[in-house]
Amino acid sequence: MMEGHHKQQQHHLSAQNAEGQRGLDSVLKDVDEVKNLIFEKINKHFEDYITSFDISGTYDSELQSLKQTVQLMKDNIQSNNVDAVLDDFEENETSNSTVQITDAIIDMLEKMSEVDKDLLAYDTCIDSGRFLDAASKLKQVGHAMSVLKTHSKFADAKILSILQADHDEKRAHLKSHMEDIWRRAVVFQQPAVGTQHVASVQVTSPLELSESNNVEVDVRDVVNTLSELGVWSSHSKHFTDTLVTNIILPLCENHSLELIVSSSRNVTTLTLEDKTTKVKTRKPRSKLKMVQEALGVFQSLGKIVEFVVNTILQGDNVHVQTFGKLLFPQFFDAVVEHLLSKAVSLQASNADLHKKVVEATAALQRQLVRFSIIPAGDTQLTDYVARVKLHSTNRERQECIVHARQILLSDNLNTICVEHKTEKGGLFPAMEQFTDGDTAELRESIYSLPSYHITETTKKFVNLLYSTLDAATSTESENTVQLFFAVRDMLELYLAVVPTVHKKALESAPPVSVTLHNDCFYVAHHLLSLGYQYKTALPEKVQPIATFVDMVPVFRKLGTDHLLKMMKRQHEALSQCLDECGGFGDTVDPKRYETVERGLKQVLHTFEGFVKTCKSIMQPEMFKRVAGSLVSHVCGRIVAEVLTLNDLDTKETTHISNFVQLLTAKFTALGMGALSDAEREKVVPEWLRFIQLGEIMTNNMMGIKEKFDQNHWDFTAAEMRGFVKAIFSDSPKRRGVLSELR
């Protein structure tokens, strides 16, 4: 009996499920019909551009009815007896899946209906001048479209594309329209020719858009609409940059400008005007007067911020904070560079004026906090003023470096003569008495500057080093340390600037290389004792490092490197002249003789040019070494080339002897004659061989042999045999001499 009852109940449930399936099929059919009608109407809506067409009122009731029917069916499915549902699980699973799909389709249709409704409402908002509402509608549409795209399998792709295209077109139109209104509402004006007008910004709010429709828009609504569209940040940055460039910077740079805020009906204007006359402008003003004028700028800066916050942003806290983040970095730099830093040293020496600057800065900072331009904890402006002494020192240090740079960049290669007695400083105190073991001779041997020429630029530079250290040791310890290290900065600047500025001249003009060498050794000479002279005046913690001796090798290397490069170029120039000789043989031919003679005269001309331009500016000992090196190079090159010759004619040997005499006489006249034998042997090692070359060319065979036996010649036995073979014809006598030249 129980079994029969169970079968009867199962039969009843099956009938219910069959009935539910028929109901579900009916709902799906209704859903398809509504969807087709909605798609058809939306398609027609956009194909025919009927802006007043509204589908929402037509199908809202049908959609709600469908939702209620589906919910009822879901309840029926879920209310079935659990055991029966388990028995017929597959059939119920299919029903549930179908219902879920139907739910998704209906949600999609609802969302699509909302999109179309918002797009239609957008037009109404635009016509009535409610641009912020229009932007909000577009934002809602954008969000809804992103949801629809995630359920695109239940929607018609063409319909989604149509809705998206309409949204994008409306958004682009609204963005362009609002940007145009912003440009009309907020206008920056540049100086007018022939007037005192410097710059201005004019704000029109509300702005009348259409006289026929009497539509007006407030500038705050424009800002909010651009923000809703997501483009306000770029416009805010451009506005801030223009405000700083046209208004704030000129006001900070020229303290005599006057800020005027005027209103007329719906127009508010902020104007910068120069009230000073041309005569007054030309009249120089004292630093005290300039600082007093700067105090008035602080109030004007507060007015500018107030104008923007109240007139344009109208107190909107979010937009004000965004504006503040963009404005304050540039605002701070302008105030510091053109107001505070220029008055800082004068403030430190004038307590009353310094107090006024502190108060004006604090008032401006409070105003920036009140308008939400900066957070309450931001005290950068007042902190800067509190560190007035440090800023004064930093500025003084920068001024020293700038002054040094100006000196080094001056194209002044004029030279002056320096010597030990003309120079400041020294390793020992300037006093007549001597301590134990200290003598004038000792001082002279340890620290003596030879007489030579340096550039006026370097002389001024070294004088600046001393004046900076004099200032450092006459001020407080804070400044002392900063200025002491400023001198090191100036020295490093010299190393970087001078070789760069005179690069071309160094490569082409030997005197420039010589003067740079002299300049570097002159600076190095002073660096030996510069730190020692001022060491005791520095704070104790700095005294262990108060030296410039570490920079001495750097300067000496710079000078030596450029001198060696110059010598190399001179060697190459002399070698090129000797190359033009084409050797020293075959001079019996008149043309060959002229060629050799012309090449040697070019050698003498090159060397003479070096002597005339460099001898007077070089240290005497340095000139001897450099000139001796050049002469030795020429002599050695000629001797080497003559050693390669064979079968010399008598005329050829005479010519070579004459060439040697020509060069010897000229070299002697150009400085080599002033050398002692010992000096000449040291600085011109090839000189003796060169002189002996001329002697060999005119001597007889036996004379050569006798002097060889006396160790007279500075040539090797092999070289002497080469000379004998080249000069004398083969004979028993020559063979005998050759056998004895060992």
Side-chain angles (χ1 to χ4, degrees), residues 504-518 559-587 592-645 652 655-675 679-694 697 714-715 719:
K504 290 184 178 179
L506 287 169
E507 293 174 352
S508 58
V512 178
S513 297
V514 171
T515 52
L516 177 59
H517 170 270
N518 293 349
T560 301
D561 287 347
H562 281 280
L563 185 67
L564 292 176
K565 289 178 182 178
M566 182 275 294
M567 291 175 62
K568 182 180 178 181
R569 288 192 292 270
Q570 289 298 302
H571 282 194
E572 292 172 351
L574 293 171
S575 295
Q576 185 176 358
C577 296
L578 291 172
D579 291 340
E580 293 178 0
C581 293
F584 295 90
D586 301 326
T587 54
R592 279 287 303 131
Y593 179 85
E594 291 178 1
T595 300
V596 174
E597 186 181 40
R598 185 169 56 251
L600 293 178
K601 286 182 178 180
Q602 188 62 38
V603 168
L604 293 174
H605 176 75
T606 302
F607 181 72
E608 185 177 10
F610 166 79
V611 172
K612 286 183 177 180
T613 57
C614 298
K615 182 178 181 179
S616 61
I617 60 177
M618 294 182 77
Q619 302 176 31
E621 291 301 317
M622 180 61 66
F623 172 75
K624 291 176 183 179
R625 293 198 295 270
V626 175
S629 171
L630 299 178
V631 171
S632 186
H633 172 72
V634 173
C635 294
R637 171 78 181 272
I638 294 175
V639 169
E641 292 197 12
V642 171
L643 280 170
T644 63
L645 299 177
E652 289 181 283
H655 289 161
I656 293 174
S657 177
N658 292 339
F659 293 149
V660 170
Q661 291 177 14
L662 171 67
L663 294 176
T664 303
K666 196 66 176 178
F667 287 151
T668 300
L670 292 174
M672 295 301 98
L675 302 178
E679 288 177 326
R680 193 179 296 112
E681 183 178 355
K682 182 178 179 180
V683 300
V684 196
E686 293 290 334
W687 180 263
L688 181 58
R689 286 163 57 87
F690 185 67
I691 297 295
Q692 290 180 354
L693 174 65
M697 291 295 110
D714 199 37
F715 292 94
E719 290 173 335

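The first residue in the sequence is number 1, and the count goes up from there.
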Nearest-0.5 Å distance, CG of residue L662 to NE2 of residue H655: 13.0 Å

Separation between SG of C614 and CD of Q570, rounded to the nearest 0.5 Å: 7.0 Å

Would you compute the distance between atom NZ of K682 and atom OG of S632 and round it to the nearest 0.5 angstrom? 14.0 Å

For the pair T664 and Q661, evaluate side-chain contact (heavy atoms from CB on, under 4.5 Å) and give the outcome as yes or no after the intermediate values. CA-CA 5 Å; T664 303; Q661 291 177 14; 5.6 Å; no

Is H605 close to K601 at the side-chain level, that is, under 4.5 Å between some pair of heavy atoms? no

What residues, two or more places apart in sequence or in another chain, satisfy salt bridge (Lys or Arg N to Asp or Glu O under 4.0 Å) together with R680? D677

Listed once per pair and sorted, the side chain to side chain donor-acceptor pair (under 3.5 Å) pairs that draw on residues 572-583, sequence neighbours left out: S575-H633, D579-R637

CG (D714) and CD1 (I691) are apart, to the nearest 0.5 Å, by 12.0 Å

Would you call L670 and V631 a side-chain contact if the rule is heavy atoms closer than 4.5 Å? no

When you check the gap from the basic side-chain N to the acidic O, do R689 and E686 get nearer than 4.0 Å? yes

Pairwise side-chain contact, L600 with C581, heavy-atom cut-off 4.5 Å (strictly under): yes

Would a distance-only check, ignoring hydrogens and angles, find a side-chain to backbone donor-acceptor pair under 3.5 Å from T606 to Q602? yes

Which heavy-atom pair separates G628 from V684 by the least distance, and what is that distance? CA-CG2, 3.6 Å

Is there a side-chain contact between V634 and I638, using heavy atoms and a 4.5 Å cut-off? yes

Counting C-beta onward and ignoring hydrogens, is there a side-chain heavy-atom pair between M697 and V642 closer than 4.5 Å? yes

Looking only at heavy atoms, what is the nearest atom pair of G694 and S657, with distance? O-OG, 3.5 Å

Could you tell me which residues satisfy side-chain hydrogen bond (donor to acceptor under 3.5 Å, both in side chains) with E608, sequence neighbours excluded, listed by chain and number? K612

Please round to the nearest 0.5 Å and tell me the distance separating atom CG of L693 and atom CD of E641. 11.5 Å

Any side-chain heavy atom of F715 sitting closer than 4.5 Å to one from V639? yes

Nearest atoms (heavy-atom pairs only) where F584 meets R592: N-NH2, 4.2 Å

Minimum heavy-atom separation for S513 to L506, with atom names? OG-O, 3.2 Å

Any non-hydrogen side-chain atom of L675 less than 4.5 Å from a side-chain atom of W687? no

Test F690 against F659 for ring pair (Phe, Tyr, Trp, His ring centres under 6.0 Å), laying out the working first. CA-CA 11 Å; F690 185 67; F659 293 149; over 10 Å; no

Identify the two heavy atoms, one from V603 and one from C577, that lie closest to each other, and give their separation to 0.1 Å. CG2-CB, 3.4 Å

How far does CE of M618 sit from CG of L563, to the nearest 0.5 angstrom? 5.5 Å

Check the pair E621 / K624 against salt bridge (charged side-chain N to carboxylate O under 4.0 Å, His left out), numbers first and verdict last. CA-CA 5 Å; E621 291 301 317; K624 291 176 183 179; 3.4 Å; yes

Return the minimal non-hydrogen interatomic distance between S629 and H571, and the atom names on each side. OG-NE2, 3.2 Å

